[in-house]
Amino acid sequence: MRLAKTYEPNQYEPNIYAMWEEKGAFSPSGVGDPFSIVMPPPNANGNLHIGHALTVALEDILARYHRMQGKDVAYIPGADHAGFETWVVYERELAKEGRSRFDFSREQLYSQVWNFVDKQRGNMELQLRALGVSASWKDLVFTLDEKVITTVNSTFKKLWDEGLIYRGERIVNYSTKYQTSYSDIEVDHKVEKGTLWMIAYPMLDKIGEIVIATTRPETMFGDSAVAVNPNDERYKDLIGTRLQLPLTDREITIIADDYVDASFGTGAVKITPAHDPNDFEVGQRHNLERIQVIDFDGTMINVPQQFKGLTAEDARKRTVAALEAQELIRGKTTIEHTVGYDYKSGLPIQPLIKDQWFLKIQPLAQRAKQALLDGEISFTPASRKQVLVQYLDNLHDWNLSRQIPWGIPIPAFQNVNNPDDWIFDERVDEKLIDVNGTTYRREEDTFDTWFSSGQWPFITTDFMQNGDLSRFYPNSVMETGGDLLDRWIARMIMLGLYVTGQVPFRHVYLHGMVLDEKGQKMSKSKGNVINPMETIASHGSDALRLGIVASRSAGQNQAFSVAKVVAGRNFANKLWNIARFVEDKLGDSYRFRTPEPKALVDHWIISELNTAGADIQQRLESYRFAEASDSMYHVIWDSVADWFIEANKQQENPDLLAWVLDTCLKLAHPFAPFVTETIWQTLAWHNDLLMTTHWPREFAFNDIAASEFNQLKNLITEIRFVTSELPGNDKYTLLYQNDSLVADNVILIQKLTKLQAIQHVDRTRGLRLPNSGREAWLDVSAETLYEHQTNLETRLAETHAIIANFEARLANKSYVDKAPAELVAETKQQLAEKQALAQALVGELAVIR
RNA sequence: GGGCGCUUAGCUCAGUUGGCUAGAGCAUCUGCUUUACACGCAGAGGGUCGGGGGUUCGAGCCCCUCAGCGCCCACCA
């Protein structure tokens, strides 16, 4: 025997993977229709988590399946420099050494982080291999590879040339902790209870005061106006008059702007253009001064001496206290409002004015929206498309600048003598450049990583360079987590269309989050993280894949289930043992031959496997992974192992046995690549690899023979059921009359039912098997029969209930008239069957009584 | 403020366009040293599909409504 007694996944998996890789099986074949998936690049210096295991399981199932369909498959792996994530980790390292980013130049930092990442790189790639991904490693792209930078720069230039890039002072989401601006997607919005203070601003041109409402009193030092709604009768006469800004010696004016909601608060709003996006816009309309009172480090500047240097939080308390001391607080209420937090540090985000690079997003967004409406991309789950359309409609201009050294430098330079004169240039390694006698200073900021990852599909396929892989653009499928719909999918569609004129992929499959066994989000702090590598070590890679795919539907957050991984492990073991049985029967020197079905079961199993092959195909092509896997699992375990193999022990057909095993391995391969290939290679019946062999083709069989086996199967099931119901553990004899199906399969029936004997008789006795439709009796004593009476009565009652159900349905004229004719005919037939059963049961009971 | 999703067996979940007696894995119970497999074999029990209403010949699936849970998006002070 070549196959060992037990299957130990860890003994085989690494070798099998190495063999695939050595034989170049992962590279696109160049033959057949292209099929491509680009892997969402995992963090280059991180470890894979369970979500990655799900991601690559789904992707690899598709890749392997389509490869077996004879397609030219490119599964392109990637590694992400994970700009901000990695930067945060690195900055922590620096802090441990008592240093900060300000001790180094951009180049120094960049190369230090590069080395830091490089030390751990390869880790996650090894882990992907352990998961069995059939990715084309030679085509791996790192997000800071030269070709990425080149493409990103040229996209930036195209956008710039076409007037879609602008640089300007805008309110940005600023992380005072990490000293960088964020895009909208990096801000966590939380609904909170906050205090709304009513503050009196004394009037200078008239007697009295105006009361404004604010949740952020500390920003009042940056006020440059108070705004009211132009139609608000209460304040109409005050527009244009002057106010004293409390705690300062500044004067501000009352202005009118439609932005103000007269019904909120007091209907009068302080306007702080430097610290609120709405106020910023009001300020632009009214040409107001922008006074920055919170610095980029989060402390107060440009404020009266007593508040200088305070954190914004402290300044709020002290400002309120100072106002109270001057009796200017006119009241306070508690309101629910949303506050933006830094998703990384958990600290409040400060809206601050900063000179940044922005992308005018709406032209791109609308084009993307149109492509979606035109159905150029399909979605699983389908409902997510609408969500995306809505998102695109509401997008604001995209802040592309990050003040982080670990990223792609923005290729722009500023005229040292004219701050408004910016030029595009890729010489980002030089701080100053000379162009036609003018000196330009480089931009120090880098791109938001989503700007480069948004171009991933056409970068990885070298589409713009018309490279070797360009036939794989647009990608066939983009598979990723549902949480990336807006931040990544949307950006890929927008930038893909903009740069290439085509959608980046034809189908989007979104999976949900893998939760812990109790349905909680996994997190390091909760300590409920499941490490995929540990699961592989204990149960095997196939088990993890089978377990994580099972019973999981698209877009749904679902719990991880160890029980399902165990079930997967058991399945791999089952396959192994099927193979061991086959090997034992065929011997080591078996040479594969085209089989010829002989026994009824032979025809039946061919029929089952044909159906399963088509079924799995149909389900995979509609992205129903769990159902496809289930179908594969049951045909192999139930049909092949429990019926075919058992029957084959009595009715041997070696060539068919080999064919059945081959077919099982093929059907199972996308779901359990390691154990299937291990068996294929160990038996060595073929010279090729299982992973590159063709998906099972339909095999001819005799329909009548197959259905006869089904009848036999029903009889056997009936015998097993009835004997298990009979009292005691006696072995019974089956008696039959004029039944060639029974007569021809005596040994098979006996073995599969553990009957003592099967005899042909002229005069019958005992218990007739009521549901088998056969002339068959179990030879039981009158006593046993009597004890069995209640069982029969129960069955009769159940049968009567079902009959009543069918009769009611058929008595319903509307049903007979309106339901499809086949359905009605089917109901009639079922009714007849149940009536026959009832009659048989009544007959039996009559005999007993 | 807008949007999405979930509620089905003890547990974790499937259930394509409405179609017959609602499934799986695990768990439970009863048998079983059967020419591969106890990570196994043969059986069994277990569900008023969250509540209510509606459409339909027919609803787990469609519509309305109520309740509970979860997620995402959003620059109203």
Side-chain angles (χ1 to χ4, degrees), chain A residues 3 5-7 171 173 184-185 187 189 196 212-216 227 259-261 264-266 268-272 276-281 335 337-338 340 351 381 383-384 386-387 390-391 394 396 482-483 485-486 512-513 517-519 539 543 547 550-553 555-564 566-585 618-619 622 624 626-627 630 633-634 641-642 645-646 649 717 720-721 723-725 729 751-754 798 801-802 805-806 809 812-820 823-824 826-827 830 834:
Chain A
L3 293 168
K5 172 94 175 107
T6 49
Y7 176 62
I171 293 276
N173 306 301
D184 294 343
I185 48 183
V187 181
H189 293 274
L196 184 68
I212 59 96
T214 184
T215 53
R216 303 194 60 195
Y259 150 71
V260 180
D261 175 358
F264 187 90
T266 59
V269 193
K270 63 194 268 309
I271 299 298
T272 322
D276 181 280
N278 288 311
D279 292 7
F280 181 86
E281 281 176 22
I335 59 160
H337 65 152
T338 50
S383 62
R384 294 304 193 90
Q386 197 46 44
V387 175
Q390 225 164 51
Y391 174 78
N394 295 323
H396 297 110
D483 52 327
L485 181 68
D486 46 12
M513 226 184 305
E517 295 217 68
K518 291 176 195 142
H539 295 98
S551 280
R552 195 172 287 274
S553 55
Q556 253 357 86
N557 293 348
Q558 265 159 239
F560 179 80
S561 163
V562 175
K564 278 175 184 153
V566 170
R569 192 267 322 255
N570 294 352
F571 178 76
N573 184 253
K574 191 75 188 177
L575 261 179
W576 187 258
N577 277 293
I578 291 171
R580 271 175 26 90
F581 173 80
V582 174
E583 193 197 5
D584 188 41
K585 284 283 172 200
Q618 185 254 321
R619 287 166 199 251
S622 46
R624 300 176 157 270
E627 289 177 44
D630 198 52
Y633 178 99
H634 287 288
D642 291 345
I645 289 203
E646 291 308 318
K649 286 175 182 174
T717 305
R720 285 170 173 173
F721 173 63
T723 50
S724 81
E725 270 192 335
N729 280 326
K751 288 283 180 186
L752 293 188
T753 54
K754 309 278 182 283
E798 282 167 6
I802 295 165
N805 196 334
F806 285 145
R809 197 174 302 156
N812 184 339
K813 197 167 180 310
S814 305
Y815 174 71
V816 178
D817 291 348
K818 293 185 186 175
L823 201 62
V824 177
E826 206 184 322
T827 308
Q830 283 171 324
K834 289 299 167 187

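We name chains A, B, ... by the order of the sequence lines, and we start the count at 1 in each one.
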So what does A/Ala559 touch, heavy atoms closer than 4.0 Å: a base, only the sugar-phosphate, or nothing?
sugar-phosphate

Go along nucleotides 36-45 of chain B 5' to 3' and tag each nucleotide: B for a protein heavy atom under 4.0 Å from its base, S when only backbone or sugar atoms are that close, - otherwise.
BB-BSSSSS-

Between B/C13 and B/G47 - C1' atom distance, rounded Å:
14 Å

Of the listed nucleotides B/G3, B/A77, B/C6, the one nearest the side chain of A/Gln556:
B/C6

Below 4.0 Å: OP1/OP2 of B/G70 and any side-chain N or O of A/Asn557
no

If we take the P atom in both B/G5 and B/C41, what is their distance in whole Å?
40 Å

Decide side-chain contact (heavy atoms from CB on, under 4.5 Å) for A/Tyr815 and A/Thr827; before the verdict, give the C-alpha distance in whole Å, the side-chain angles of both, and the deciding distance to 0.1 Å.
CA-CA 11 Å; A/Tyr815 174 71; A/Thr827 308; 2.9 Å; yes

Without decimals, in angstroms, what is the distance between A/Tyr391 OH and B/G3 P?
18 Å

Does A/His396 reach a base, just sugar-phosphate, or nothing at all? Heavy atoms under 4.0 Å.
base

Rounded off to whole Å, could you give me the CZ-to-C1' distance for the A/Arg216 and B/C75 pair?
12 Å

Starting at atom CD of A/Gln830, determine the distance to atom P of B/G19, rounded to an integer number of angstrom.
15 Å

Candidates B/C76, B/A77, B/A14 - which lies nearest the side chain of A/Ser551:
B/A14

If I pick the C1' atom on B/G19 and the same atom on B/G60, what distance separates them, to the nearest angstrom?
13 Å

On a whole-Å scale, what distance lies between the C1' atoms belonging to B/C26 and B/U35?
31 Å

Taking the P atom of each, how far is B/A42 from B/A9, in whole Å?
26 Å

Can you check side-chain contact (heavy atoms from CB on, under 4.5 Å) on A/Met513 and A/Asp483, steps first, answer last?
CA-CA 8 Å; A/Met513 226 184 305; A/Asp483 52 327; over 6 Å; no

Using atom CE of A/Met513 as one end and atom C1' of B/C4 as the other, report the distance to the nearest whole Å.
13 Å

Under 4.0 Å between any heavy atoms, over every strand shown, what does A/Asn812 touch: base, sugar-phosphate, or nothing? Just pick one.
sugar-phosphate

Give the dot-bracket string for RNA chain B, reading 5' to 3', where a pair is Watson-Crick or G-U wobble with both distances under 3.5 Å, ( ) marks pairs inside the strand, [ ] marks pairs crossing earlier ones, | marks a partner on another strand, and . marks unpaired.
(((((((..((((.....[...)))).(((((.......))))).....(((((..]....))))))))))))....

Rounding to an integer number of angstrom, what distance separates B/U34 and B/C11 when you compare their P atoms?
37 Å

Are there any protein N/O atoms within less than 3.5 Å of an N/O atom in nucleotides 15-18 of chain B, and if so, which ones and at what distance?
from: B/U16; atom 1: O4'; to: A/Arg624; atom 2: NH2; distance (Å): 3.0

Classify A/Asp630 by what it touches in the nucleic acid, base, sugar-phosphate, or nothing, heavy-atom distance under 4.0 Å.
sugar-phosphate

Touch class at under 4.0 angstrom, heavy-atom based, for A/Tyr633 against every strand present
sugar-phosphate

Touch class at under 4.0 angstrom, heavy-atom based, for A/Lys751 against every strand present:
nothing

Using the P atom as the reference point in each nucleotide, state the distance between B/G18 and B/G43 in Å, no decimals.
35 Å

Answer yes or no: side-chain N or O of A/Lys834 and base N or O of B/U21 forming a donor-acceptor pair under 3.5 Å.
yes

Starting at the 5' end of RNA chain B, which residue's closest nucleotide do you reach first, A/Pro820 or A/Ile335?
A/Pro820

Indicate, with a heavy-atom threshold strictly under 4.0 Å, whether A/Asn394 touches base, sugar-phosphate, or nothing.
nothing

A/Glu281 atom CD is separated from B/C76 atom P, nearest whole Å, by 12 Å

Euclidean distance for P, B/G70 against B/A38 (whole angstrom):
44 Å

Does B/C73 have OP1 or OP2 sitting under 4.0 Å from an N or O in the side chain of A/His189?
no

A/Gln558 atom CD is separated from B/A24 atom P, nearest whole Å, by 18 Å

